[in-house]
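Because only heavy atoms are used, hydrogens play no part in the values below, and waters and symmetry mates are left out as well, while side chains stay in. Atoms within each ligand, like the ligands themselves, are counted from 1 in listed order. Since the structure is predicted, the reported quantities are computational estimates derived from the model, not experimental observations. One is the number of the first residue; the rest follow in order along the sequence.
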Amino acid sequence: MKTPTLLTVAAMSACAAAIAVASSATAAATAVPDTMLAAAFDHGGGPNVLSLHRLPVPKPKAGEVLIAVHSAGVAVWDASDRQDPGEGAHFPVVLGTDGAGIVAAVGAGVHGFKVGDAVYGTGDGFYAQYVTAAAEDVAHVPKGVDLTAAGILAVSGLSALEGIDDVLRMKAGETLIIHGASGGVGTLAVQFAKLRGVRVLATATTDDGLALVKRLGADAVVNGKSGDIAAAARAFAPQGVDAVLGLAGGEALERCIDALRPDHRGRVAYLYGIEPIPRPRLYVQMTLYSYISGVREFDQLNQAVEAARLQVPVAAEYPLADAAQAHQRMAAGHLLGKIVLRVR
Ligand SMILES: NC(=O)c1ccc[n+]([C@@H]2O[C@H](COP(=O)([O-])OP(=O)(O)OC[C@H]3O[C@@H](n4cnc5c(N)ncnc54)[C@H](OP(=O)(O)O)[C@@H]3O)[C@@H](O)[C@H]2O)c1
């Protein structure tokens with residue numbers, strides 16, 4: 001396991017590494033094998049149910065691309081899907097809702113992608129050497145982002161940007177509390193908010209987390225477990241904050257919402273999956289949302305990533321064969337950014 005690193009998208013060395021990885025993966029992608037390795041499980045349970053399986057390489061249907069996966073994101077909901085795969089699960093189950101790699105084949109009717117393109121996107125089954133994904137849920141890797149960072153960019157990036165632009169409609173000069181800012185979504189949300197000219201008060205639970213979000217651009221920080229959120233918010237925005245982005249649930253989120261401006265114009269966005277969800281409040285616009293994946297959404301994400309010269313914090317990196325250890329690490333918490341599985 002590597003220690004947490006920041007991948008600076010603008011760094012020349014990262015570009016060079018990405019190109020090197022892309023070209024070697026392109027060569028591999030030209031011959032698609034019949035079978036592949038995937039980290040999968042045959043029944044629900046703890047992290048140790050995950051092990052390498054040899055499975056058939058999927059074939060892209062019309063409108064799909066086949067991706068030779070370089071890296072896959074390990075998401076917080078992967079743990080609950082692993083623990084409780086549900087009645088309708090088809091075993092072996094391959095997890096992984098986002099990742100990055102090289103296009104290895106394209107299905108009928110796909111435009112805009114060709115074999116050898118470096119792409120990232122959302123779908124199902126990225127914990128594998130190959131995955132198929134709908135072409136509209138895939139995009140070219142933005143300039144300067146290496147394939148490792150791209151592997152954890154799609155879901156967190158869309159969730160962060162859409163929260164700020166589409167749900168909260170943040171404007172330059174407005175104030176925003178990002179609660180739960182040191183995780184996968186929050187570290188990107190801080191940077192997108194700053195790109196839009198928004199002033200940010202960020203919460204995290206550890207000194208390392210607070211230092212990270214400060215480094216990523218937060219104007220002010222407060223510990224969401226041991227700090228005085230009300231006092232920090234008053235000092236940050238004496239008239240009350242314009243908005244709250246909720247990336248973690250609980251009492252601390254309620255304290256953030258308490259800090260909204262009192263003139264009925266405060267707004268809250270919180271992601272589906274946080275627990276507990278915030279209690280409804282009179283005269284506060286509160287929106288539960290999930291990320292949307294699509295051509296327009298990825299265009300906007302790529303523009304924002306390049307404009308922000310986005311840094312994508314990798315909390316830890318594990319080889320595909322160590323997916324179980326990756327899940328154990330996730331269970332221990334306090335991740336700075338998101339875990340990536342290295343597939344190639
Ligand atoms: N529906 C969707 O479209 C969608 C998409 C993406 C994410 N989500 C959900 O959105 C949430 C955030 O996702 P994520 O990937 O960013 O998860 P994450 O990496 O676990 O981030 C959550 C962060 O909140 C922090 N936190 C928890 N309690 C806190 C407190 N009292 N004060 C300050 N920080 C606190 C955690 O810090 P510690 O680890 O140090 O406690 C962690 O860094 C998750 O619930 C996820 O399931 C939903």
**Student:** What are the two closest non-hydrogen atoms of Ser293 and Thr122, and how far apart are they?
**Tutor:**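 Looking at all heavy atoms of both residues, the closest pair is OG-OG1, 3.0 Å.
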**Student:** Is there a nitrogen or oxygen of His334 sitting under 3.5 Å from a nitrogen or oxygen of ligand 1?
**Tutor:**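 Indeed, backbone or side chain, His334 has an N or O that close.
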**Student:** Would one find an N or O of Trp77, backbone or side chain, under 3.5 Å from an N or O of ligand 1?
**Tutor:**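 By distance alone, the answer is no.
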**Student:** Would Gly183 count as a polar contact of ligand 1, with the cut-off being nitrogen or oxygen pairs under 3.5 Å?
**Tutor:**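 Yes.
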**Student:** Mind checking whether Gly333 has an N or O less than 3.5 Å away from an N or O of ligand 1?
**Tutor:**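 No, no N or O pair falls under 3.5 Å.
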**Student:** Indicate, as side chain, backbone, both or neither, the part of Val76 found under 4.0 angstrom from ligand 1 when only non-hydrogen atoms are considered.
**Tutor:**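 The answer is the side chain.
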**Student:** Just to be sure I read this right, does ligand 1 sit under 4.0 Å from the backbone of Val185, its side chain, both, or neither, counting only heavy atoms?
**Tutor:**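 Looking at Val185 and ligand 1, atoms from backbone and side chain both fall under 4.0 Å.
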**Student:** Give yes or no for whether the N/O distance cutoff of 3.5 Å, strictly under, is met between Tyr291 and ligand 1.
**Tutor:**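 Yes - when backbone and side-chain N and O of Tyr291 are compared with those of ligand 1, one distance drops under 3.5 Å.
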**Student:** Compute the minimum heavy-atom distance from Ser159 to ligand 1 and say whether it is under 4.0 Å.
**Tutor:**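 Under 4.0 Å: yes for Ser159.
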**Student:** Against heavy atoms of Gly273, which atoms of ligand 1 measure under 4.0 Å?
**Tutor:**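 Every atom of ligand 1 under 4.0 Å from some heavy atom of Gly273: 45 (O).
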**Student:** Using the ring centroid of each side chain, check whether Phe41 and His53 are separated by less than 6.0 Å.
**Tutor:**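 Aromatic pair excluded; centres sit 6.0 Å or further apart.
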**Student:** Using a 4.0 Å cutoff against the non-hydrogen atoms of Ala248, which atoms of ligand 1 qualify?
**Tutor:**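 Under 4.0 Å from Ala248, ligand 1 has these atoms: 24 (O), 26 (N), 27 (C), 28 (N).
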**Student:** Checking side-chain contact (heavy atoms from CB on, under 4.5 Å) between Pro142 and each of Leu310, Leu301, Leu153, which is the one that passes?
**Tutor:**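 With Pro142 as partner, Leu310, Leu301, Leu153 yield a single side-chain contact (heavy atoms from CB on, under 4.5 Å), made by Leu153.
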**Student:** Taking both backbone and side-chain atoms of Ala181, is any N or O found less than 3.5 Å from an N or O belonging to ligand 1?
**Tutor:**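 So ligand 1 has no N or O lying under 3.5 Å from an N or O of Ala181.
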**Student:** What are the two closest non-hydrogen atoms of Ala118 and Leu147, and how far apart are they?
**Tutor:**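 Heavy atoms of Ala118 and Leu147 come nearest at CB-CD2, 4.3 Å.
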**Student:** Applying a 4.0 Å heavy-atom criterion (strictly less than), which segment of Lys338 is in contact with ligand 1: side chain, backbone, both, or neither?
**Tutor:**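 Neither; nothing of Lys338 gets under 4.0 Å from ligand 1.
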**Student:** Got a donor-acceptor contact below 3.5 angstrom from the Arg82 side chain to the Gly45 backbone?
**Tutor:**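 Here the side-chain-to-backbone pair exists.
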**Student:** Within ligand 1, which atoms have a heavy atom of Thr203 less than 4.0 Å away?
**Tutor:**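 Atoms satisfying the 4.0 Å criterion: 32 (N), 33 (C), 34 (N).
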**Student:** Does Gly250 have a non-hydrogen atom less than 4.0 Å from ligand 1?
**Tutor:**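 So Gly250 does not count as touching ligand 1.
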**Student:** Going by the atom numbers of ligand 1, which of them fall below 4.0 Å from some non-hydrogen atom of Ala252?
**Tutor:**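 Ligand 1 atoms under the 4.0 Å threshold to Ala252: 31 (N).
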**Student:** Can you tell me which residue and heavy atom of the protein come closest to atom 9 (C) of ligand 1, and the distance to 0.1 Å?
**Tutor:**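 Checking every protein heavy atom, the shortest distance to atom 9 (C) of ligand 1 gives Tyr272 O, 3.7 Å.
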**Student:** Among all protein non-hydrogen atoms, which one is nearest to atom 30 (C) of ligand 1, and what is the separation to 0.1 Å?
**Tutor:**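 Minimum-distance protein heavy atom for atom 30 (C) of ligand 1 reads His179 CE1, 3.5 Å.
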**Student:** Are Asp117 and Lys114 close enough for a salt bridge, meaning some N to O gap below 4.0 Å?
**Tutor:**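 Yes, Asp117 and Lys114 are salt-bridged.
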**Student:** Kindly state if atom 5 (C) of ligand 1 has a protein heavy atom within a strict 4.0 Å cut-off, that is, under 4.0 Å?
**Tutor:**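 Given the 4.0 Å limit, the answer for atom 5 (C) of ligand 1 is yes, a protein heavy atom qualifies.
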**Student:** Indicate if Val295 and Val155 have the same hydrophobic cluster label, given that clusters are the connected sets of ILVMFWY residues with side-chain heavy-atom separations under 4.5 angstrom.
**Tutor:**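 No, no single cluster joins them.
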**Student:** So does Arg281 pair up with Glu254, basic N to acidic O under 4.0 Å?
**Tutor:**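 Judged by the 4.0 Å cut-off on N to carboxylate O distance, Arg281 and Glu254 do form a salt bridge.
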**Student:** Which of the atoms of ligand 1 are close to Ser182, meaning less than 4.0 Å from one of its heavy atoms?
**Tutor:**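 Matching atoms, with element in brackets: 43 (O).
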**Student:** Salt-bridge test for Asp242 and Arg261: reply yes if a basic N is under 4.0 Å from a carboxylate O, no otherwise.
**Tutor:**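 Salt bridge present between Asp242 and Arg261.
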**Student:** Of all the atoms in ligand 1, which lie at a distance below 4.0 Å from a heavy atom belonging to Leu247?
**Tutor:**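 This gives 11 (C), 12 (C), 22 (C) as the contact atoms.
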**Student:** Which of the atoms of ligand 1 are close to Lys225, meaning less than 4.0 Å from one of its heavy atoms?
**Tutor:**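 Under 4.0 Å from Lys225, ligand 1 has these atoms: 31 (N).
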**Student:** Between Lys194 and Asp219, is there a side-chain N and carboxylate O pair less than 4.0 Å apart?
**Tutor:**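 Between Asp219 and Lys194 there is a salt bridge, with a charged N closer than 4.0 Å to a carboxylate O.
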**Student:** Between the candidates Ala332, Ala75, Gly224, Gly73, which shows the shortest non-hydrogen contact distance to atom 31 (N) of ligand 1?
**Tutor:**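 It is Gly224 that holds the nearest heavy atom.
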**Student:** Nearest protein heavy-atom contact for atom 23 (C) of ligand 1: which residue, which atom, what distance?
**Tutor:**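 Ranking protein heavy atoms by distance from atom 23 (C) of ligand 1, first comes Gly180 O, 3.6 Å.
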**Student:** Please write down residue, atom name and distance for the protein heavy atom closest to atom 29 (C) of ligand 1.
**Tutor:**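 Checked against all protein heavy atoms, atom 29 (C) of ligand 1 sits closest to Thr205 CG2, 3.5 Å.
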**Student:** Taking heavy atoms and a distance under 4.0 Å, where does Ala204 meet ligand 1: side chain, backbone, both or neither?
**Tutor:**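 Backbone only.
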**Student:** Output yes when a side-chain donor or acceptor of Asn223 lies under 3.5 Å from a complementary backbone atom of Ser226, and no otherwise.
**Tutor:**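 Side chain of Asn223 to backbone of Ser226: a pair is present.
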**Student:** Considering heavy atoms of the protein only, find what lies nearest to atom 19 (O) of ligand 1 and give residue, atom and distance to 0.1 Å.
**Tutor:**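 Of every protein heavy atom, Gly184 N, 3.0 Å lies nearest to atom 19 (O) of ligand 1.
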**Student:** For Ala304 and Leu195, work out which heavy atoms get closest and say how close.
**Tutor:**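 Minimum heavy-atom contact is O-CD2, 3.7 Å.
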**Student:** Is there a donor-acceptor contact under 3.5 Å from the side chain of Ser71 to the main chain of Leu341?
**Tutor:**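 Not confirmed, Ser71 side chain does not pair with Leu341 backbone.
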**Student:** Any chance you could lay out the side chain to side chain donor-acceptor pair (under 3.5 Å) test for Asp78 and Tyr127, step after step, and finish with the verdict?
**Tutor:** CA-CA 11 Å; Asp78 290 349; Tyr127 286 20; 2.6 Å; yes
**Student:** Tell me, with the steps shown, if Asn302 and His140 meet side chain to side chain donor-acceptor pair (under 3.5 Å).
**Tutor:** CA-CA 8 Å; Asn302 277 7; His140 289 102; over 6 Å; no
